[in-house]
Amino acid sequence: CLSAATDTALASLAGAVAEALHDDMAWPDVCATLNLGRKAFARRCVIEAADTAEGRDRLRAFVAGRPVLPVTPLGRAAAAGQPVDWRAEQGRPVRRLRLPPSPFEHRRYWPVHLEGPALAEPGAPPLPEAPTIPADFLHRLAWQPAGTATLGPAPEQVLLFGDRGLADRIAPGLVRAGIRAVPVDGPGDLGRHPGVPAVWLTGDLEPAGHAGHLAGLLELVRALADAPRPLRIVTEGGTGEAVLPAMALALGRTVAIEHADLQCRRIDLVPGQPDPGNALAAELRLDDGEELVRHGPADREVARVVPLPVVAKRFAVRSGAAYLVTGGFGGVGRAGAGGLVERGARELVLVGRTVRELPEAAGWRANGVVVRSEAADVADVVAIGAILRALDADGVPLAGVFHCAGVTADTLLANAGAAEIARVLRAKTEGALALDRATRGRALDAFVLFSSITALCGLVGTGIYAAANAGLSAVARRRR
């Protein structure tokens, strides 16, 4: 059963799935992959077929406007929008397939009042000031008291994975609350404890251990996918300044989306509590629908997106200073550099792994802009330091850093490995940490980290990227 928000999107999805199907794909695996873990929309397309070849033909017929109506009770119920327990009806796929997700509707949401002016030609009158951003345009994540919740029965025991040091500090509080805490070495121990809830623990580790720790979490998720049981991701300082815990929380959001059968919930413990295990024990007895919560010394809090009541002003640049842009030769970096030039910047330092000439650079130079192109690994603090020392030698102060570098790893968590994690973290999170370290003590006007909404709400196939962007938020909170 395929579904989408509009008829156009549904036809697009059906066509994309038809083209992705191959005869060596088992039809039960196709059905289970498409039915499990996907949100149901109003527009439906139900395909009943004996094998994959017939299913592909019927999908193409649907796209061509010749749909074959379902004849089985299950098919008719799905087509009518009635809720169907697909796991009970069809079971889990023997092999989860990589099939197209629901298509996005392409709508432009960027407000017209934020459009920036083009770069003025030499001798032209000054550019007008940009319009004021509306007061309700900006938002932030706020933590609010959760209120009263009903306590349920506590689990008899839980399995503690991940950070062993955090496990040692949490276990006594769990035991005092009547919950047996069982530290385990890895997913191989799951078989000895059938059905026991799994708790993945993440404390603040050194950057060298970030990729390996997140890879361990994904290894556990893959093992749990074969025999689902409740999963709790518990961090210490993940909503504060701790980088690795922040990334684990964001990764957990994608786990909840891609593996809904694990009932993944995320719990952050504010550092410094005398008995963090007691707070966790109380949370393990709650199930009020809150997927992300934070426990402080006194309160249980939930996350809400609220308006940011500040007056946003146009960013003023210093014409006699330089602005460093990482990922300066990519799409986001080029747009950021262009925006700085529009606002009067006259010296840019573009940093990237590979230097290339930008088409717009000639126009910038014609307007008197100095463009320095530097080949460097943004996560290499020594290389970044050398770039900054060259500016110092030329007597050019550094006024701002814009971290636009980043790579993606568009893959389901079931297919993600340590190499992909390390590659994404290197450009995003480790790069931000290196820039932070290299510019400490400098009087910057701006230290800007380009993130993604996936860090907040997750998205199928972008879990690692979301985690890396969440790490940027922790770096920003720490620097602030």
Side-chain angles (χ1 to χ4, degrees), residues 155 157-177 179-190 193 196-224 229-256 262 264-284 292-296 413 416 418 421-422 425 429-430 433 463-464 466-468 470-471 473-475 477-478:
Q157 59 180 328
V158 293
L159 306 180
L160 302 183
F161 294 85
D163 189 328
R164 185 53 62 88
L166 184 55
D168 291 341
R169 288 188 287 114
I170 282 178
L174 292 175
V175 172
R176 284 192 294 272
I179 302 173
R180 182 183 173 216
V182 184
V184 289
D185 294 326
D189 293 328
L190 288 171
H193 306 275
V196 178
V199 176
W200 179 269
L201 299 171
T202 302
D204 194 11
L205 305 180
E206 290 298 317
H210 287 181
H213 182 87
L214 295 180
L217 171 55
L218 293 190
E219 183 183 3
L220 174 61
V221 170
R222 284 190 286 269
L224 293 175
R229 67 180 76 186
L231 171 64
R232 301 292 180 261
I233 296 177
V234 179
T235 65
E236 188 174 52
T239 59
E241 301 177 1
V243 175
L244 179 59
M247 293 194 289
L249 287 179
L251 191 59
R253 176 59 186 147
T254 303
V255 171
L262 301 185
C264 179
R265 294 179 62 208
R266 299 170 291 158
I267 304 163
D268 184 46
L269 305 175
V270 175
Q273 298 187 57
D275 190 359
N278 181 63
L280 177 57
E283 188 62 38
L284 293 175
L292 172 62
V293 299
R294 180 170 73 179
H295 277 270
L413 298 180
I421 297 173
L425 298 194
T429 315
E430 293 179 27
L433 289 168
I464 301 173
S473 297
V475 173
R477 289 190 290 265
R478 177 184 299 181

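At least one side-chain heavy atom of L159 sits under 4.5 Å from a side-chain heavy atom of V182. I421 is not listed as a side-chain neighbour of H213, based on a closest heavy-atom distance of 4.5 Å or more. Counting heavy atoms from C-beta outward, L190 and V184 have side chains that stay 4.5 Å or more apart. For the pair V196 and R229, the minimum side-chain heavy-atom distance is below 4.5 Å.
Not a single donor-acceptor pair under 3.5 Å links the side chain of R180 to the backbone N or O of P155.
Closest approach of Q157 and P197 over heavy atoms only: O-CD, 3.6 Å. Scanning all heavy atoms of the two residues, the minimum distance from A468 to L425 falls at CB-CD2, 3.7 Å. Nearest approach of G296 to V270, heavy atoms of both residues: CA-CG2, 3.7 Å. Here the closest non-hydrogen pair linking L174 and A181 is CD1-CB, 4.0 Å. Shortest non-hydrogen contact noted between G463 and L251 is O-CD1, 3.5 Å. Shown here for D275 and G173, the closest heavy-atom pair between the two residues is OD1-CA, 3.5 Å.
Expressed to the nearest 0.5 Å, how far CG of L217 lies from CZ of R222 amounts to 9.5 Å. The distance from the SG atom of C264 to the CG atom of L224 is 9.5 Å, given to the nearest 0.5 Å. Put simply, CG on L160 and CG on D185 are 12.0 Å apart, with the number rounded to the nearest 0.5 Å. Rounding to the nearest 0.5 angstrom, the gap separating the CD1 atom in I267 from the CD atom in E236 is 13.5 Å. For the atom pair NE2 of H295 and CG of L280, the computed distance is 8.0 Å after rounding to the nearest 0.5 Å.
With respect to D163, the side-chain contact (heavy atoms from CB on, under 4.5 Å) criterion is satisfied by exactly one of L205, T202, T235: L205.
At a threshold of 4.0 Å, the pair E283-R232 does not count as salt-bridged, since none of the basic side-chain nitrogens sits closer than that to a carboxylate oxygen.
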For residues 238-248, dump all side-chain donor-acceptor pairs below 3.5 Å to protein atoms at least two apart in sequence or in another chain.
{"residue": "T239", "atom": "OG1", "partner": "D268", "partner atom": "OD2", "Å": "2.6"}
{"residue": "T239", "atom": "OG1", "partner": "R294", "partner atom": "NH1", "Å": "3.2"}

